[in-house]
Amino acid sequence: MDLITDINWKEHVVDRMDTGVFLVDRTIKVLFWNRFMVMHTGQPAESVEGRNLFELFPDFPRRWFERKVEGVFVLKNQAFSSWEQRPYLFKFAHNRPVTGGVESMYQDVSLMPVLDIAGKAIAVCVSIRDVTDAAIYATRMKETMETLEQEKNEQRILIKKLEEAQSQLLQSEKMAAIGQLAAGVAHEINNPIGFIKSNMTSLQKYTASLVQLLEAYIKIEDQLDQNSSEMQTIANTKDQIDFEYLVEDIGDLMTESMDGVNRVSKIVKDLKDFSHVDQGDWKYEDLHRCIDSTLNVAWNELKYKAEIKKQYGEVPQVFCMGSQLNQVFLNLLVNAAHAIENRGIITITTAQKGEKVLITVADTGSGMNQEQLRRVFEPFFTTKPVGKGTGLGMSLSYGIIDKHEGKIEVESQEGEGTTFNIWLPIEGPATRDALPA
Amino acid sequence: MNPHIEFSEDQRDCLQEVCNIAMGQAGNSLARLFERFVTLSVPAIGFVSAENVETELQELMGSLMVSAVRQAFFSTHGKEGLHGEAIVVFSDTNFEKLVQLADYHEGPSNAAIEQELLLDISNVLSGACLNGIAEQLEEQLGFSAPSLIGTNIPLAGILDHEQLTWEQAMSIKIGYRLEEIEFQCDMLLLLPKIAVEHLKNTLDFLLEDD
Ligand SMILES: Nc1ncnc2c1ncn2[C@@H]1O[C@H](COP(=O)(O)OP(=O)(O)OP(=O)(O)O)[C@@H](O)[C@H]1O
Ligand SMILES: [Mg+2]
């Protein structure tokens, strides 16, 4: 028992607690200042005790602290302050002079009323706890949670992108499947159409020869006996088969059939091109020369329809298959001309964009609606009358640009026109070393 | 009425009286803090079961989006004494006006000032009210620092019934409303069963005294 009464509570217990403890009266005059406070403020108790806290620490949140203390005096109720809302009461150096990581010591503060025997509040005891470690931990945790949340969001976006990519993949798989089908059909048709064409050519010649021979015979009809039964038979047969018309029509039929066969073989050729876009020579080409030669080829289709505006930029040579790109340009130009009803403008622009070249073909034609815009690269999609379009031009072009690891984009405004953008990597496909020489 | 905890009529009346007095003290404290008149609701004593805590809270509070602060209290009598948690739920509160009124213009950020104000109000209310109750029961209480459960969260989120360690608790609900500005809060005192048993004994003791 003596031991307990002998203890100097103030100096040996309260003074040495590893918690900041100080007492103030109602006017915020400091009554007591323990060692923790001395060590962290550098102010010895003798120079603090008896003086107003705000004189000593001008940066102190004065009004806030006054209200807090007043509340404790009036209500005789403990009050608190947490690092989460108010990181510190005093700006103390943190307890990590070596390991660092924080600006200053995080503090939890409580204010307790000190009552006299009559139960009247005579002072407020303020205790300050160093919660830096817990605060760092909690802050990191919160940051981690936020990062996780953010990553989750990013993943959500990624998943959406993946879904889009997948549907694009499905689309291109569909095109590849159609391409294969087309290749098969083209191959099957190619042989018969080949001999039909050559036979037709022979037939055309043979019929012409036969007609020639017949005409020679007809010339000597006069010299025959007009009343002979043979002559009668000839006259009847001529009447029966409508000889005059037959001779006239046979030539037309042969020409029309030849046209048809030519058209079929063109389609077959397109189909073959469509499915064999990997043939051709890879080398550095001057794109302007490619475009110009294509313009020459297409000149007949273009000259009555459009004024051609060339806006060529400074463009280096591009590693590509020139003949294939020519086909793309041809398709674009012909489509543009077809889209122009009376007379319009086709603008061809080239420019270097970093590692790529951008070629733009813009027309002032009819433009496309949403549906057409969506399907423009689809094989066999055409809005042109039978015989005029096969709907392979753009899908073929798409395949060619794809082989170049480039990109083809389309923008269109119904009634205003259409713009195709082609991006080509200057150095060719990344896999160019594996390309057939 | 309840299979677990039951109060006799006398016990209930007595507790109601104790709460009425304490609540008045708390209201008085709040009025002094804000220098405004505070309207109080009659304390409602009831029970909540952990299982249905979410729906029961909803019935008790009505409002859906709330801010809430919790604070533990314990007795010098330890486990045998009055102990539990006070949860103060704020709803429909115009914080801007409240911050102005309370003159809380020193703080690191607006959000921090608001939060600090919520913590302070909760602390004042639960401190005054519980000290008032404890005084009548001749006990002394200590308090943990109040901590924020959340601001503007769904009411159902303030207590996660999967984390509750008790099956049933007594609840004392007291509503405070500040005249002139939009401010409304409900204090919920939740006492675990063991504290309720002790409370019943104390109430019996008080009743004998009368
Ligand atoms: N510049 C353009 N302006 C408007 N519509 C266009 C343009 N280019 C393409 N289209 C639309 O896209 C369709 C498909 O074009 P694509 O070149 O693939 O086939 P096509 O021109 O119809 O036939 P072909 O196989 O003979 O080229 C066209 O029928 C047309 O409706
Ligand atoms: Mg075309």
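Naming convention: chains lettered A, B, ... in sequence-line order (proteins, then strands); numbering from 1 in each chain.
- Judged as a side chain to side chain donor-acceptor pair (under 3.5 Å), and not counting sequence neighbours, A/Glu46 has no contacts.
- Ring geometry, A/Phe92 versus A/Phe90: the interplanar angle falls under 30°, so the pair is classed parallel (tilted spans 30 to 60°).
- In this structure, the portions of B/Ala145 lying under 4.5 Å from any heavy atom of chain A include both its backbone and its side chain.
- No side-chain N or O of B/Ser144 forms a donor-acceptor pair with one of B/Gln71 less than 3.5 Å apart.
- Using cut-offs of 30° and 60° on the angle between ring planes, the pair B/Phe73 and B/Phe143 is tilted.
- When the side chain to side chain donor-acceptor pair (under 3.5 Å) test is applied to B/Glu17, no partner is found at least two apart in sequence or on another chain.
- Residues of residues 130-142 of chain B having a heavy atom under 4.5 Å from any heavy atom of chain A, listed by number: B/Asn131.
- The list of salt bridge (Lys or Arg N to Asp or Glu O under 4.0 Å) pairs with a residue in residues 67-80 of chain B, not counting sequence neighbours, reads B/Arg70-B/Glu85.
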